[in-house]
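Single-structure report; data block below.
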Number of protein chains: 2
Amino acid sequence: MNTTHAPAPATAAVTDLNQLRVACSSCSLRELCLPAGLDAREMERVDRLVNQRRKLRRGEHLYHAGNPLVALYAVRSGFMKSCVLQEDGREQVAGFHMTGDMLGMDAISSGRHMCDTVALEDSELCEIPYSYLEQLSRELPSLQQQLHRIMSREIVRDYGVMMLLGSMKAEERMAAFLLNLSQRFAARGYSSAEFNLRMTREEIGSYLGLKLETISRVLSRFQQDGWIAVRHKHIRIRKADALHQLLGQR
Amino acid sequence: MNTTHAPAPATAAVTDLNQLRVACSSCSLRELCLPAGLDAREMERVDRLVNQRRKLRRGEHLYHAGNPLVALYAVRSGFMKSCVLQEDGREQVAGFHMTGDMLGMDAISSGRHMCDTVALEDSELCEIPYSYLEQLSRELPSLQQQLHRIMSREIVRDYGVMMLLGSMKAEERMAAFLLNLSQRFAARGYSSAEFNLRMTREEIGSYLGLKLETISRVLSRFQQDGWIAVRHKHIRIRKADALHQLLGQR
DNA sequence: CACCGTATTTGACCTACATCAATACCTTCA
DNA sequence: TGAAGGTATTGATGTAGGTCAAATACGGTG
């Protein structure tokens, strides 16, 4: 990055812009995120809920396992991963998070986070103080509903991962992984056919319960079959059908 | 079972007893279950929330995937399993549930259940109408907190299963499974060292991402090592330390 | 632009678990 | 009480994916 460039043109009105950009009501993600389904009056109150943003550079932690629960977080931009760790040091990626995803719900049960969450690229997060969220969701039924939906969605997602880890073979896991990413990018208005992986082969492997070499081999095989084109972290899906079939069959 | 025995002595006052037994305030599970942390006044209102009990015979479904969300359920007695299924018919056990556990949170996100839940032995469940629960939890902060804690606990539990499926080998999975059961029985006042498995080897295998033969073999090996005594479904843990060590090490 | 550390690919070989198969054992129900 | 069907054990063999190793490619840095 050329540091001699002038700062971004917005500098003159930083405070205002921050104000503006932090508001859920003017956020392009509002239909994906916490305020989904709220009306204008309700949205206004939620705007005040999200009182801060947090910027993370690639590699920085949002929270560590053991940290006390302070807030939940919504990904505004960037890409994150969550890892569970065992006493013996083994670590496993429990999820990848992108724009609009809510983070930190693992901490509600005990008041302490149970996993590490790290930025895989420079990211920005909205910080939602938890006690205030609890309070406001008592006053706004739609917010309460959405919070419950989001937690439940996480439970359902986890069931999917169990299925993947417990009863799929390497190629099926990879197909499921690629299609899931593709579909999530699509839901955010990006191409479903072409995207960049933000994580390493090792991180994919950890998430899928496989070794990095296996990830590499499976990707190569998919490419040879003409189902995808891989170049480093760039993926193009050529035959989504074939990938879907791999899952549906057997 | 000798069917010529007279019915239980309580028959004369069935209605009253049902009333009594359905009340959270007089339920021995209240500290494990939804009303944990409520004071007397709050408990009274929750009593009215749980308006029905449901009895299931072994093998009967509590709900199927696709059923609309009506209520959440608390296990009063018995033993249940939840299974996720794929299009192709493959099914995987996502969890085993015992006394005091809450069920059905998977349905909140979409309004439909995402898994099947089945009784592994004759069981009794408290039915908690969801819309009423939402409403009451807006009025009772402690109830809201407990509901959130329960959902979060489920998320954390799922992380544990991911860890298990994604990065542990057969013996470790089995050790983790046995210790988890043991600890849950202990929390309910039963022996932590001796209990009956309510599920088949195949169901354990499905949960742990292994085949039933592997389950059988690992149990035999543990027995040969003198760590446990197995006879059919009866388990006695002889060296919990050894099992713990198996997990902590590496 | 050259260098270094990290990420990726690919091959050869090995092992943990799956698969297949035979037997034994419970449980249940007539 | 006995027969049938589900459940569990154990052995023999196969294989998907792990492990080890080497070659290559890349991005960041001075």
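Below, read A as the first sequence line, B as the second, and so on, with proteins coming before strands; counting in each chain starts at 1. Predicted, not measured: the structure shown is a model, and the values here were computed from it. Atom set for the values below is all heavy atoms of this structure, side chains included, hydrogens, waters and symmetry mates excluded.
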Salt bridge flag under 4.0 Å for residues A:Arg53 and A:Glu127: no

Side-chain N or O of B:Lys211 closer than 4.0 Å to phosphate OP1/OP2 of C:dT19: yes

Pair A:Asp122 + A:Arg58, salt bridge at N-O below 4.0 Å: no

Test item: A:Arg173 side-chain N/O and A:Met168 main-chain N/O as donor-acceptor pair under 3.5 Å: yes

Matching residue for B:Arg201 among B:Leu219, B:Thr214, B:Leu210 - test: side chain to side chain contact (heavy atoms under 4.5 Å, CB included): B:Leu219

Aromatic centroids of A:Phe96 and A:Tyr207 separated by under 6.0 Å: yes

Nearest-angstrom distance from the residue atom CZ of A:Arg58 to P of C:dT6: 12 Å

Terminal axes of the helix from C:dC1-D:dG30 to C:dA30-D:dT1 (five pairs each): angle between them, nearest 10 degrees: 50°

Interatomic distance, A:Ile204 CD1 vs C:dT8 C1' [rounded to whole Å]: 11 Å

d(CG, B:Leu120; P, D:dT7) in whole Å: 11 Å

Touch class at under 4.0 angstrom, heavy-atom based, for B:Gly209 against every strand present: sugar-phosphate

Test item: side-chain donor near acceptor, A:Asp116 and A:His64, under 3.5 Å: yes

For atom CE of A:Met168 and atom C1' of D:dA16, their distance in whole Å: 16 Å

Heavy-atom side-chain contact between A:Tyr63 and A:Leu103 under 4.5 Å: yes

Test log, rule side-chain contact (heavy atoms from CB on, under 4.5 Å), inputs B:Thr99 and B:Arg184: CA-CA 9 Å; B:Thr99 281; B:Arg184 288 161 76 194; over 6 Å; no

Whole-Å distance separating the CE atom of A:Met199 from the C1' atom of C:dT6: 18 Å

Length of the CD-P vector between A:Glu202 and D:dT19, whole Å: 12 Å

Shortest non-hydrogen contact from B:Phe222 toward B:Leu178: CD1-CD1, 4.1 Å

Summary of protein contacts for nucleotides 9-15 of chain D, nucleotide by nucleotide, where a base hit scores B, a sugar-phosphate-only hit scores S (4.0 Å, heavy atoms): BBBB---

For atom CD1 of B:Ile235 and atom P of D:dA8, their distance in whole Å: 11 Å

Distance, rounded to the nearest Å, where A:Lys169 contributes NZ and C:dC17 contributes P: 16 Å

